[in-house]
Amino acid sequence: MPSQYFWLSPLEKQDFSINITDEIGSDTISAVVWTTAGLTNESQSNTSGVATIWLSGPVVGETYHVKAKITTTAGRIFERNIIIRCFSP
């Protein structure tokens, strides 16, 4: 699965979501472990098929690789990546 790319400024706090609904059908997300690679994890949540994290604290010019390890109630495990680039406001 290709990575998703986003932009974030040092002044922002934004939510980023990974939707695996189509891949899991009637299965549901039971747990998500995020690796935030130097960003601040403000909060996180998930619904039956979408994992969401709120991030802040990037440094201008840096690129961050955020990873989500998603486990479903049926025991499936998905790993997804989000790449965030920081820009000057």
Give, for atom [atom1] of [X] and atom [atom2] of [Y], the distance between the pair rounded to the nearest 0.5 Å.
X	Y	atom1	atom2	answer
Gln44	Trp54	CD	CH2	13.5 Å
Glu79	Thr71	CD	OG1	9.0 Å
His65	Ile83	NE2	CD1	5.0 Å
Asn46	Thr72	CG	OG1	11.5 Å
Arg76	Ser30	CZ	OG	11.5 Å
Lys69	Thr35	NZ	OG1	9.5 Å

Query - Apart from Tyr64 itself, residues in the same hydrophobic cluster as defined by side-chain heavy atoms under 4.5 Å - result: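 Its cluster mates, by chain and number, are Phe6, Leu8, Phe16, Ile18, Ile20, Ile24, Ile29, Val32, Trp34, Leu39, Ile53, Leu55, Val59, Val66, Ile70, Phe78, Ile82, Ile84.
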Requested in this report: Considering only Ile, Leu, Val, Met, Phe, Trp and Tyr, and joining two whenever side-chain heavy atoms are under 4.5 Å apart, list the other residues clustered with Ile77.
Outcome: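 None, because no other hydrophobic side chain comes under 4.5 Å of this residue.
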Requested in this report: Using side chain to side chain contact (heavy atoms under 4.5 Å, CB included) as the criterion, list what pairs up with Trp7, not counting sequence neighbours.
Outcome: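 Side chain to side chain contact (heavy atoms under 4.5 Å, CB included) list for Trp7, sorted by chain: Arg85, Phe87.
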Query raised in the report: Is it true that a side-chain atom of Asp27 and a backbone atom of Ala74 form a donor plus acceptor pair closer than 3.5 Å?
Result: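 Yes: the side chain of Asp27 pairs with the backbone of Ala74.
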Query raised in the report: Judged by atom type as modelled, is there a donor-acceptor pair below 3.5 Å linking the side chain of Thr52 to the main-chain atoms of Ser45?
Result: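 Looks like no, no N/O pair under 3.5 Å.
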For the residue pair [X] and [Y], what are the closest heavy atoms and their distance?
X	Y	value
Pro58	Ser9	CG-O, 3.6 Å
Thr40	Gly57	OG1-CA, 4.5 Å
Lys13	Glu42	CD-CG, 3.4 Å

Requested in this report: Report yes if the side chains of Val60 and Pro10 come closer than 4.5 Å at any heavy-atom pair, otherwise no.
Outcome: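 The answer is yes, as the side chains (C-beta and beyond) meet within the 4.5 Å cut-off.
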